[in-house]
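This report refers to the structure that appears directly beneath it.
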Amino acid sequence: MSGRAIVVIDDDEAIRDACRQTLGREAEYRVSVAEDGPSGIEEVKRAGADLALVDLKLPGMDGMEVLAAIAKACPEVVCVVITGYPTIASAVEAMKRGAYDFLPKPFTPDELRVVVKRALDKGRLEAETRALWQERAAMQREFVNLAAHELRAPLNAVQQFADAILAGTAGELNPKQREVIGRMRERVAGLRGVVDHWLDINRLQSGRLSAEMKPIRLGALVEEAADVLGPAARARRIRVNVEGWEEDALVVGDRQCLKEMVINLLDNGIKYNKPGGEVTLKLSRPVHGKVKLEVTDTGVGIPEHEIPFVFEEFFRGEACKGSGVDGTGLGLTLVGKIVQLHQGAIGVSSRVGEGSVFTVDLPVADQQRRSS
Ligand code: ADP
């Protein structure tokens, strides 16, 4: 269907006819009408409307409610209010509910045409802007993905060469050379971390995860993550405690991803801790079909104003400044996506100077849901 779809929602038959006649003369407009709110909303959806003209005084569901319902169900539809009793207060209220313009009754055919054209132009511009943003985001993602793929192999190679040199395969190293190559290896490993995280995030976004979903014992993953990061924790004099639910929670998920999630949370708890501090991984018995994993640290904490941003791509906060801690700003982005893909929820609470708690709630597998 071509043309712009306009829906007139008014209980006054004369207004519906006048709008249909005036706008129906324009070849590019498809006009349909409804005489009350519920049928108007249905018609907006059915016709794939670009514009809705909404009378404020409707029987039953009033115009303000209709505006709010359209804004919720079809946010891209531009709404114009028509009313016989225009007041500043009702205009302001209508704008708040998402109306773009106001047309007081009685109106002339010309006034109607002008308002309709302006509203449709606005809708078109908004749609174009949305499409451009989406295209830009897709191109950015594609570019970074390509770059990341291209970087992975050479970075691996450089890291392996550095390992080989440090192992003495190219001859004895003096302490200065050892230090320089060691630092080079560290920087390359950091860059590889960025590339790997980025590719993981993209893999999750492309939905390639679901094929690997199966029941997983979360407690086992927590133990494994604690083992993997044991050396890092010892090097920083951080104690890692694991407190588990003895029967072990079963969640349906991608094992590798869930392990990555725990590792990233634990890694942060270790990295942003103070020497002699602690990180506790605690799994609670499922309640209402959800199992809770809490990762609590006694570290530097997160300032309140940073909390809304910690899951954003490339965000690095106060905690990493001056601490010399390496990172990518992608770890929590990855964690957030993994939790989302497992239909879970993640929350964080923190006090600067005292520590942070990251809480992950995941749905338990069906066989345990019945007993929880
Ligand atoms: P990275 O650790 O690589 O910087 P993340 O995405 O894992 O990236 O974390 C983003 C930011 O959130 C970190 O730079 C840090 O400022 C803050 N942060 C995350 N976890 C903690 C924590 N346990 N304690 C204090 N700050 C944290």
Side-chain angles (χ1 to χ4, degrees), residues 141 144 148 151 155 186-205 222 225-226 228-243 256-283 292-341 344-361:
R141 207 162 277 290
V144 178
L151 281 172
L155 283 176
E186 240 170 64
R187 299 305 292 264
V188 171
L191 196 51
R192 255 198 60 188
V194 177
V195 167
D196 285 348
H197 270 152
W198 184 268
L199 288 172
D200 283 346
I201 289 170
N202 256 28
R203 185 171 76 90
L204 294 188
Q205 260 159 355
V222 169
V228 170
L229 289 175
R234 279 191 291 278
R236 296 181 68 94
R237 292 202 292 117
I238 310 293
R239 197 184 138 100
V240 176
N241 312 306
V242 177
E243 297 176 6
Q256 197 49 42
C257 283
L258 288 173
K259 187 167 164 186
E260 189 78 1
M261 173 192 86
V262 185
I263 286 182
N264 272 290
L265 291 173
L266 177 56
D267 187 36
N268 281 349
I270 295 168
K271 278 193 314 191
Y272 302 117
N273 220 314
K274 304 169 206 151
E278 291 190 11
V279 187
T280 304
L281 296 156
K282 184 175 167 204
L283 260 185
K292 190 188 291 295
L293 169 68
E294 279 169 312
V295 183
T296 308
D297 66 61
T298 56
V300 294
I302 308 171
E304 208 179 322
H305 65 271
E306 286 185 359
I307 292 207
F309 304 105
V310 291
F311 295 99
E312 289 198 358
E313 284 168 12
F314 299 114
F315 176 82
R316 303 210 68 209
E318 285 291 324
C320 64
K321 288 188 193 132
S323 65
V325 170
D326 275 341
T328 61
L330 288 171
L332 287 180
T333 311
L334 186 63
V335 169
K337 302 242 185 267
I338 292 172
V339 172
Q340 199 185 359
L341 276 157
I346 185 159
V348 49
S349 64
S350 188
R351 270 178 176 273
V352 171
E354 290 181 22
S356 312
V357 188
F358 283 81
T359 309
V360 178
D361 284 296

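Whatever order the structure lists ligands and atoms in, that order sets their numbers, starting from 1.
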List of N/O pairs, ligand 1 versus protein, all under 3.5 Å?
{"residue": "ligand 1", "atom": "2 (O)", "partner": "Asn268", "partner atom": "OD1", "Å": "3.3"}
{"residue": "ligand 1", "atom": "2 (O)", "partner": "Lys271", "partner atom": "NZ", "Å": "2.9"}
{"residue": "ligand 1", "atom": "2 (O)", "partner": "Tyr272", "partner atom": "OH", "Å": "2.6"}
{"residue": "ligand 1", "atom": "3 (O)", "partner": "Thr328", "partner atom": "N", "Å": "2.6"}
{"residue": "ligand 1", "atom": "3 (O)", "partner": "Gly329", "partner atom": "N", "Å": "2.9"}
{"residue": "ligand 1", "atom": "4 (O)", "partner": "Tyr272", "partner atom": "OH", "Å": "3.1"}
{"residue": "ligand 1", "atom": "4 (O)", "partner": "Arg316", "partner atom": "NE", "Å": "2.5"}
{"residue": "ligand 1", "atom": "4 (O)", "partner": "Arg316", "partner atom": "NH2", "Å": "3.2"}
{"residue": "ligand 1", "atom": "6 (O)", "partner": "Gly331", "partner atom": "N", "Å": "3.3"}
{"residue": "ligand 1", "atom": "6 (O)", "partner": "Leu332", "partner atom": "N", "Å": "2.8"}
{"residue": "ligand 1", "atom": "7 (O)", "partner": "Asn268", "partner atom": "OD1", "Å": "3.4"}
{"residue": "ligand 1", "atom": "7 (O)", "partner": "Asn268", "partner atom": "ND2", "Å": "2.8"}
{"residue": "ligand 1", "atom": "7 (O)", "partner": "Leu332", "partner atom": "N", "Å": "3.3"}
{"residue": "ligand 1", "atom": "8 (O)", "partner": "Gly329", "partner atom": "N", "Å": "3.3"}
{"residue": "ligand 1", "atom": "14 (O)", "partner": "Tyr272", "partner atom": "OH", "Å": "3.4"}
{"residue": "ligand 1", "atom": "14 (O)", "partner": "Gly317", "partner atom": "N", "Å": "3.2"}
{"residue": "ligand 1", "atom": "16 (O)", "partner": "Gly317", "partner atom": "N", "Å": "2.9"}
{"residue": "ligand 1", "atom": "20 (N)", "partner": "Asn268", "partner atom": "ND2", "Å": "3.3"}
{"residue": "ligand 1", "atom": "23 (N)", "partner": "Asp297", "partner atom": "OD2", "Å": "2.9"}

### Query
So which pairs with a foot in residues 299-317 pass salt bridge (Lys or Arg N to Asp or Glu O under 4.0 Å), sequence neighbours left out?
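Found Arg141-Glu313.
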### Task
Run the numbers on Leu332 and Phe358 for side-chain contact (heavy atoms from CB on, under 4.5 Å), then give the verdict.
CA-CA 10 Å; Leu332 287 180; Phe358 283 81; 3.9 Å; yes
### Query
side chain to side chain contact (heavy atoms under 4.5 Å, CB included) with Asp297: which residues, sequence neighbours excluded?
Asn273, Val279, Ser356
### Message
With rounding to the nearest 0.5 angstrom, report the NZ to CG distance, Lys292 to Leu283.
### Response
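Rounded to the nearest 0.5 Å, the NZ-CG separation comes out at 11.5 Å.
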### Task
Rounded to the nearest 0.5 Å, what's the gap from NZ on Lys271 to CG on Leu229? Could you check?
10.0 Å
### Summary
Residue pairs passing the side-chain hydrogen bond (donor to acceptor under 3.5 Å, both in side chains) test with at least one member in residues 258-268, sequence neighbours excluded, are His197-Asn264, Glu224-Lys259
